[in-house]
Protein chains: 2
Amino acid sequence: MTTSRVTIKDVAARAGVSKGAVSLAFNRKPGLSEATRERIFTAARELGWEPNLTARSLSSSRVDVVGLAICRPARMLGLEPFYMEFVSGVESVLTEHACALLLRLVRSVEEEAGLLESWWRGRQIGGAILVDFRADDPRVVAAERLGLPVVAVGHPSLTGSLTSVWTDDATAVTEAVRYLAALGHRRVARVGGAAALGHTVMRTAAFDAAARGLGLTGAWQVATDYSGEAGARATRSMLTAAPPDRPTAIVYDNDIMAVAGLAVAAEMGLSVPRDVSLLAWDDSQLCRLTHPTLSAMSHDVHGFGAEAARTLFGAITGRGPGSHPVPTPVLTPRGSTAPPKV
Amino acid sequence: MTTSRVTIKDVAARAGVSKGAVSLAFNRKPGLSEATRERIFTAARELGWEPNLTARSLSSSRVDVVGLAICRPARMLGLEPFYMEFVSGVESVLTEHACALLLRLVRSVEEEAGLLESWWRGRQIGGAILVDFRADDPRVVAAERLGLPVVAVGHPSLTGSLTSVWTDDATAVTEAVRYLAALGHRRVARVGGAAALGHTVMRTAAFDAAARGLGLTGAWQVATDYSGEAGARATRSMLTAAPPDRPTAIVYDNDIMAVAGLAVAAEMGLSVPRDVSLLAWDDSQLCRLTHPTLSAMSHDVHGFGAEAARTLFGAITGRGPGSHPVPTPVLTPRGSTAPPKV
DNA sequence: GAATGGGACTTTACCGGTTGAGGAAAGCGC
DNA sequence: GCGCTTTCCTCAACCGGTAAAGTCCCATTC
């Protein structure tokens, strides 16, 4: 009921000091005796005062909020364990710095670029995390132009002069293909993510290169929108191909599509991994909840988010641009991959 | 590079008016001629000015940010499609009001109560959305004491005097049980969510009542932590029970556990729905990506989030407490439910 | 004993908007 | 031509903090 109208002035009055002193105490700056400091904290505690962050950031012109806009259809977002895990990693670091996360779902990168400008101009955020880069991403130019401190989650080749945090997807794709080839697979397919995304392009190229390098003749890949439906559709079309073309192993660009692929195989009466091997990507817990369990290219998404947040703090505090690779996804074999049936 | 140091004063100067006039124009308040208004907008556009929201909320003491804290282990969060869909529903309404969402993951409701107080005292949020109520939830008292406008997502019996938005879970559970009984099942089990959550308690009671009412002798339910692992464990222990006790149908409290249950059945060589029927809850797209597809108690989670946000705006603008039911989940039969084998 | 220095605060000028109290000019009735 | 509204706009006081400059007092130092 009592709308807390307690301000720094009340605390100052109660502690018998000026508001400047209260400010010094709460920002742990030197220039106050221990006794006074203590008196101020006591007064604040008694009144239940907390500094008004709005006022603080107005006068100190630093904002303890970072923005994150995600640009994927709501439908897919919910299913994609990646984002929530990423966000939770980001949070874990932000929390340490008493920093908050402003989240927004957008429909296009153009909208996102506009939003970032708005947020920054309106002093709503002190920095931002950018994900899902595409070729010639408008956000690169926007962030540079605005001088907005950001961390770009994506390969340096996509993020221009922005500070970036990225995984080496090309190497991971190569490892995946090598593994399947080592098992004896010759016809390997890949169900990729959205073609517009930069990392999809890179994975696609890496897949091609790896397949060619290993002399795999039947390499075949398609792009999807990352949704389970699309994954199912792609899998169905691959598995219904005439036997000489039919892949014996399929790599997916996320978990969901791999799960959907597993269902398609079951629905077609094919046994995994006897008739076809499946390899997922990202490796959320979902991969351990299926039967058979899904082999996957696994990485620490939570840690990825945390690293992104740490890097963002670096950018906000003026550290110049840089490129921060995080560990490459590693192959985690489970029940869905095996040598092809002879 | 050019840190945008454009302020209302610059715009005023350029348009040849006072800053008060600019303020009036940008808040669409009366008292300005069309011509002046136009001149001001032009000047603002030319300078690329956007009002500093920090300054605005300091002087107008209204904050266009709402808080949402989610209290579940990161592990589970990622997998739970519910939250992202809910958030996307919330967003869809917030966006219309040019309002932002402050998100935070917390480890306990106590921490959340503290956070809300901090956010509110620090004028970081204008209101909050509270989810996952438990019995005697400390957030109820906290929100009341602070006078913080909130919308509580949970049954009115759990949310005290707070404005609430809720689904009638008891009715939905009853419908689920009735459906399975109508198919001929006599031994129906339920894999519930976290026992500490209020809605779990209500669903548990409703399940018991429904089973008793229908004279089902083998009703059996357990509580879990909502994780896929726990769902798998529960399913395994149910399906390994001696035949007279073994349930022929299992209802799950979310999607993930149902998916895990499906895998367990497969791993045990049981056929779904021939040997056992499974019924999921929430019905994200995941239910359509399995084989067989999962029958589910289905509701519009996106719409649920949107309604919560709308109701919150009501609370913020001073509308008194109220209780807003949203549509009860409805049964959506798919491939995982059938009459029991005789 | 005057000059120096520094610790402990206070003062005061912002930060960039909003808001309510005016004030000048134009329109209107008589 | 005078008072009275309206319309349109200016002024100045906030909002609740921060930060740089200023004040005071006391201990040193020469």
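Given the structure is predicted, the values throughout are model-derived calculations rather than measurements. Below, chains carry the letters A, B, ... as their sequence lines are ordered, and counting in each starts from 1.
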Report, as a single string ordered 5' to 3', how protein heavy atoms within less than 4.0 Å touch nucleotides 9-16 of chain D: B base, S sugar-phosphate only, - not at all. BB----BB
Please round to 10 degrees the angle between the axis of the first five pairs and the axis of the last five pairs in the helix from C/dG1-D/dC30 to C/dC30-D/dG1.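 Comparing the first five pairs with the last five, the axes sit 50° apart.
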Are any side-chain N or O atoms of B/Trp166 and backbone N or O atoms of B/Pro156, one a donor and one an acceptor, separated by less than 3.5 Å?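 No: the side chain of B/Trp166 does not pair with the backbone of B/Pro156.
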State whether the side chain of A/Thr317 and the backbone N or O of A/Phe313 hold a donor-acceptor pair below 3.5 Å, judged by distance alone.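 Yes: the side chain of A/Thr317 pairs with the backbone of A/Phe313.
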Could you tell me whether the side chains of B/Trp49 and B/Thr7 share a donor-acceptor contact shorter than 3.5 Å?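 Looking only at side-chain atoms, B/Thr7 and B/Trp49 do not form any donor-acceptor pair under 3.5 Å.
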For a quick check under 3.5 Å, do A/Glu144 and A/Ser161 share a side-chain donor-acceptor pair by atom type?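 The answer is yes; a qualifying pair exists.
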Any ion pair linking A/Arg123 and B/Glu50 (charged N to carboxylate O, less than 4.0 Å)?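 No, this pair does not count.
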Lys/Arg N to Asp/Glu carboxylate O, A/Asp136 vs A/Arg134, below 4.0 Å: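 No.
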Within a strict 4.5 Å, meaning less than it, do heavy atoms of the B/Leu102 and A/Leu101 side chains meet?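 Heavy-atom side-chain distance check fails, nothing below 4.5 Å.
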A/Val90 side chain reached by A/Leu312 side chain, heavy atoms, under 4.5 Å: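 Side-chain contact under 4.5 Å: no.
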DNA chain C: 5'-most and 3'-most nucleotides touching chain B, 4.0 angstrom heavy-atom criterion: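 Footprint of chain B along DNA chain C, 5' to 3': C/dG16 to C/dT19.
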Nearest-0.5 Å distance, CG of residue B/Leu115 to CG of residue B/Leu105: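 B/Leu115 atom CG to B/Leu105 atom CG measures 10.5 Å (nearest 0.5 Å).
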In this structure, how many angstroms lie between the P atom of D/dT18 and the CD1 atom of A/Ile40, rounded?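 Checked: the CD1 to P distance equals 12 Å.
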Tell me whether the NZ or CZ atom of B/Arg139 lies within the 45° cone about the ring axis of B/Phe133 and under 6.0 Å from its centre.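 That pair qualifies as a cation-pi contact.
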